Amino acid sequence: MSRKSLTDYQLETIVSYADGIYRVARETGRSIDDLETELVDHGIEECPNCGWYTDICHLTDDEGEVDGYCDNCRRYDRPDYD
């Protein structure tokens with residue numbers, strides 16, 4: 001069975017709402033794991049700190065290094081490393 005690709009509207013729902021991935025999972029009947037696998041193909045990953053799904057480019061710091069934080073977590077919730 002081939003998997004139907006996510007629409008632009010579904011991708012926008014995932015990155016725009018805190019429960020977006022759950023909305024799309026209910027709508028499509030797909031598992032969260034299955035959706036997360038496809039999201040990587042679309043350049044979307046989950047921020048490990050807050051759980052928000054965002055464009056991979058937003059998980060990089062000002063120097064372009066991947067630090068694993070979305071813009072919001074980097075600004076307000078990132079632990080200080082000495």
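These values consider heavy atoms only, across backbone and side chains, with no hydrogens, waters or symmetry-generated copies. Here the structure is a predicted model, which is why all the values come from computation and not from measurement.
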Heavy-atom distance under 4.5 Å between the side chains of Leu59 and Cys70, does that happen here?
yes
- Query: Taking the side chain from Arg74 and the backbone from Tyr69, do they hold a donor-acceptor pair closer than 3.5 Å?
  - Reply: yes
For residues 11-29, the salt bridge (Lys or Arg N to Asp or Glu O under 4.0 Å) pairs (sequence neighbours left out) are Asp19-Arg23
Applying salt bridge (charged side-chain N to carboxylate O under 4.0 Å, His left out) to Asp55 and not counting sequence neighbours gives none
Rounded to the nearest 0.5 angstrom, the CD1-OH distance for Ile14 and Tyr22 is 11.5 Å
Self-check item: Any side-chain heavy-atom pair of Leu39 and Leu11 under 4.5 Å
Solution: yes
dist Ile56:CD1 -> His42:NE2 (nearest 0.5 Å) comes out at 11.5 Å
By side chain to side chain contact (heavy atoms under 4.5 Å, CB included), Glu36 pairs with (sequence neighbours left out) Ile21, Ile32, Asp33, Glu46, Tyr53
In short, Ser5 meets Glu38 closest at the heavy-atom pair OG-OE2, 3.1 Å
Item to check | Polar side chain donor-acceptor pair, Thr54 to Glu45, under 3.5 angstrom | outcome: no
